[in-house]
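Step one of this worksheet: look at the structure below.
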Amino acid sequence: MRASQIFVPTLKETPAEAELISHQLLLRGGFIRRLASGLYTWMPLGLRVLRKVERVVREEMDRSGAQELLMPLVQPAELWQESGRWEQYGPELLRLRDRHNRDFCLGPTHEEVISDLVRREIHSYRQLPVNFYQIQTKFRDEIRPRFGLMRGREFIMKDAYSFHMDHASLEITYQTMYEAYQRVFTRLGLNFRAVEADNGAIGGKRSHEFHVLADSGEDAIVSCHHCAYAANMEKAQSRPEPAGTEAPLPAGQVQTPGIRTVAEQAEHLGISAANIVKTVLVVADGKIVMLLLRGDDELNLIKAGHALDAQNVQLASPEEAISATGAPLGFIGPKDLRLPIPIMADHRALGVANFSTGANAAELHWINLNWDRDLPRPEAADLRNVRAGDGCPHCATGTLSIRRGIEVGHVFQLGELYSKSMGITVLDETGRDTPVTMGCYGIGVSRVVAAAVEQHFDDRGITWPVALAPFEVGIVAINARKSPEVAAAAQALHDRLEAQGYSVLLDDRDERPGVQFATMDLIGLPHRIVVSDKVLAQGVWEYRARRATENVLLDETQLMNHLCKEHPRG
RNA sequence: CGGGGCGUAGCGCAGCUUGGUAGCGCGCCUGCUUUGGGAGCAGGAUGUCGUAGGUUCGAAUCCUAUCGCCCCGACCA
């Protein structure tokens, strides 16, 4: 491909709308253009990158035995009403009506459609297991689309759905998908981590997220630097700590005027936050519940939802707090409640001796309380966010660290959720109707493009991994208009490389060398070859890898060997 | 949904406080020169100042409404 034949509108200046480096560089490099909030056009160069991702995903899905199909973006409301998600999904589901006044939605995901297909078409255990996938546009009417491709409203996703007679079969496919995802992200040249994830209210046995590691990531992921343990924040646990062995001190109450926060309380009392048990009131499915945490810990609402077996957990409002306990926020505690409120404590809160907590009266706190002696131990659960430095729950010596990640993949065991709500059954060996077990597996194809840039850029532009680059090799013909020899040599080299199977972009534009170099660097092709009179006179090519800083002079054989080494084929 | 910010040429911005009919840089077009890291000189084109209404002799500027875009928050008692 010659640069004069492909539309690559690069920008010297960064558009004001772009905050994230990937967003900036994809706009500047002419890969994407914004149409409206969360909606992007894939320009010719960007589309080439997107197709690269799709190709790798498709190859690995096919290799793992999944079958590709393509389902509609527009989906009838009836299916969503049947699964219950027409009501549950909320405003993220973009609903629309057709001319006959029938309700539809734009598919944010395709469990309903695939479930409908499978229950119509698959009737026997002999037809299972089966795994269908598609690479298709999704629409989610996000509260706040942001960061360009990272959180768009319309995006491209590979979604797969598997169906099984039993959990053992699901487990096999799940593992197969997990391994396929490992291969996909490895082949794409991304630094990623698979982490244990929370299944949410859906339940099911297992779930893993695949995160590309990047400081700009929206998710916190936890990993042990000693063993293989890794989990996302909602799921991560830490090694239990031995309870304190301090001798109990006499309990008492202390005036704490104007003290609202744990930090203020610790300072006022001259103790550490770890010696405070803080009380968080939440409303779990409409009911007030008191949660206790060590003062230096943070509540994780998702974990609270699990512990309480509640769909919806929110912090209580100041008014709800007063009406439930008689005390304002900041002075609430588990001892001597005037109304019975269910109490649940994080494990670590139960390990604190001689702790301070609210006394259920304005401007009053307890000090030196001890479990069992002063108040009964409440039910214990895991409620806190782990912190960097916590002990690993899986090995004896490791400690946890927290990094940022961009979620690009998710494998999930759905179990019988949809087969029950939508009645997907098959006949088993004995001729009995049996609900099938389901798994689902997603990759954010368009998000992968942005995530890759977040991980691969420098001050001059993008530094694509070879598997993602829109072209593998860039040829810069210096002053080709002045030198027919350069023009001819560059074109001939381009043709030879393409004949070898490389994708090549030949910069044949009538631009000054500086412009050509700047463009090449910005769009981030992995290999650059410069053709000039100077170089031709020496009978060599001037080569430079995008991620290198020095030029290398190579003869044709050396060049071909080098490229071959970088791009193993077959 | 709450809070904040911004809409002026294709892009980045100034002008607005103090109303007088729009400007800078980049890009674009023409010519000449230049040619190894986003060139120089000369000439040129491009704006319903987001939209609608109002105030005024006069509005990019003041007022009202509205649309769009961006950022932050929605997490601690």
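This one's a predicted model, so the numbers in the text were calculated from it and none came from an experiment. Naming convention: chains lettered A, B, ... in sequence-line order (proteins, then strands); numbering from 1 in each chain.
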Separation of [N] [atom2] from [X] [atom1] (nearest whole Å):
X: A:R33; N: B:rC69; atom1: CZ; atom2: P; answer: 18 Å
X: A:I475; N: B:rG36; atom1: CD1; atom2: C1'; answer: 17 Å
X: A:L35; N: B:rC69; atom1: CG; atom2: C1'; answer: 13 Å
X: A:R144; N: B:rG68; atom1: CZ; atom2: P; answer: 17 Å
X: A:D297; N: B:rC75; atom1: CG; atom2: P; answer: 18 Å
X: A:E142; N: B:rA74; atom1: CD; atom2: P; answer: 16 Å
X: A:N385; N: B:rC75; atom1: CG; atom2: P; answer: 12 Å
X: A:L11; N: B:rC13; atom1: CG; atom2: C1'; answer: 15 Å

Residue [X], side-chain atoms from C-beta onward, closest of [options]:
X: A:S37; options: B:rG36, B:rG37, B:rC69; result: B:rC69
X: A:R544; options: B:rU34, B:rG37, B:rG36; result: B:rG37
X: A:R512; options: B:rG37, B:rG36, B:rA39; result: B:rA39
X: A:S532; options: B:rG36, B:rC75, B:rC71; result: B:rG36
X: A:L301; options: B:rG38, B:rG36, B:rC75; result: B:rC75
X: A:A36; options: B:rG38, B:rU35, B:rC69; result: B:rC69
X: A:L522; options: B:rA74, B:rG25, B:rG38; result: B:rG38
X: A:V515; options: B:rC75, B:rG38, B:rU35; result: B:rG38
X: A:F517; options: B:rG37, B:rG12, B:rC1; result: B:rG37
X: A:R34; options: B:rG38, B:rC70, B:rC11; result: B:rC70

Open item on the list: A quick test of your reading: do over 12 heavy atoms of other residues, nucleotides or ligands sit less than 6.0 Å from CD of A:E267?
Closed with: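 Not buried by this count: 12 neighbours or fewer within 6.0 Å.
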Open item on the list: Would you say CG of A:D372 has more than 12 non-hydrogen atoms from neighbouring residues, nucleotides or ligands within 6.0 angstrom?
Closed with: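 Counting other residues, nucleotides and ligands, CG of A:D372 exceeds 12 neighbours.
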How far, in whole Å, is [M] from [N] if one measures between their [atom1] atoms?
N: B:rA14; M: B:rA52; atom1: P; answer: 24 Å
N: B:rG68; M: B:rG50; atom1: P; answer: 16 Å
N: B:rG38; M: B:rC28; atom1: C1'; answer: 16 Å
N: B:rG23; M: B:rG31; atom1: C1'; answer: 26 Å
N: B:rG27; M: B:rA42; atom1: P; answer: 15 Å
N: B:rG4; M: B:rU61; atom1: P; answer: 23 Å
N: B:rG43; M: B:rU55; atom1: C1'; answer: 43 Å
N: B:rC32; M: B:rC24; atom1: P; answer: 26 Å

TODO: Could you please spell out the steps behind the salt bridge (Lys or Arg N to Asp or Glu O under 4.0 Å) verdict for A:D141 and A:R153?
DONE: CA-CA 5 Å; A:D141 202 357; A:R153 290 193 292 175; 3.2 Å; yes
Touch class at under 4.0 angstrom, heavy-atom based, for [X] against every strand present:
X: A:N551; answer: base
X: A:T519; answer: base
X: A:E298; answer: base
X: A:V535; answer: base
X: A:R528; answer: base
X: A:A316; answer: base
X: A:V262; answer: sugar-phosphate
X: A:T261; answer: sugar-phosphate
X: A:R294; answer: nothing
X: A:L281; answer: base
X: A:R28; answer: base

Open item on the list: Do A:M150 and A:H23 have side chains that approach each other closer than 4.5 Å (heavy atoms only, starting at C-beta)?
Closed with: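 No. Closest side-chain heavy atoms not under 4.5 Å.
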Watson-Crick/G-U partner (both atom distances under 3.5 Å) of [N]:
N: B:rA22; value: none
N: B:rU30; value: B:rA42
N: B:rC69; value: B:rG5
N: B:rU35; value: none
N: B:rC62; value: B:rG54

Can you check whether any acceptor in the base of [N] is under 3.5 Å from a donor in the side chain of [X], or vice versa?
X: A:E542; N: B:rG36; value: yes
X: A:R146; N: B:rG73; value: no
X: A:Q516; N: B:rG36; value: no

Task: Mutual orientation of the aromatic rings belonging to A:H365 and A:F331 [parallel < 30°, tilted 30-60°, perpendicular > 60°] - done: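 Plane angle between 30° and 60°, so tilted.
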Open item on the list: Which label fits A:W371 and A:F355: parallel for a plane angle under 30°, tilted from 30 to 60°, or perpendicular past 60°?
Closed with: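 Taking A:F355 first and then A:W371, their aromatic rings sit tilted (interplane angle of 30° to 60°).
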TODO: Establish, from distance only, whether the side-chain atoms of A:S4 and A:D508 form a donor-acceptor pair under 3.5 Å.
DONE: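 Yes, side-chain donor-acceptor contact under 3.5 Å.
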Task: Flag for A:R48-A:S503: side-chain donor and acceptor within less than 3.5 Å - done: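 Side-chain D/A pair, A:S503 to A:R48: absent.
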Open item on the list: Show the nearest heavy-atom pair for residues A:T325 and A:M290, with the distance to one decimal.
Closed with: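 What the structure gives for the nearest pair is CG2-CE, 4.4 Å.
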- [ ] Between A:H23 and A:P513, just flag the one whose closest nucleotide in RNA chain B comes earlier from the 5' side.
- [x]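 Nearest nucleotide further toward 5': that of A:P513.
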Task: Given RNA chain B, 5'-ward residue of the pair A:P145 and A:E13, judged by closest heavy atom - done: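 Its nucleotide being nearer the 5' end, the pick is A:E13.
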Open item on the list: OP1 or OP2 of B:rU35 versus the side-chain N and O atoms of A:K482: is any pair under 4.0 Å?
Closed with: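 For B:rU35, OP1/OP2 do not have a side-chain N/O of A:K482 under 4.0 Å.
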TODO: Salt-bridge test for A:E209 and A:K235: reply yes if a basic N is under 4.0 Å from a carboxylate O, no otherwise.
DONE: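 Salt bridge absent between A:E209 and A:K235.
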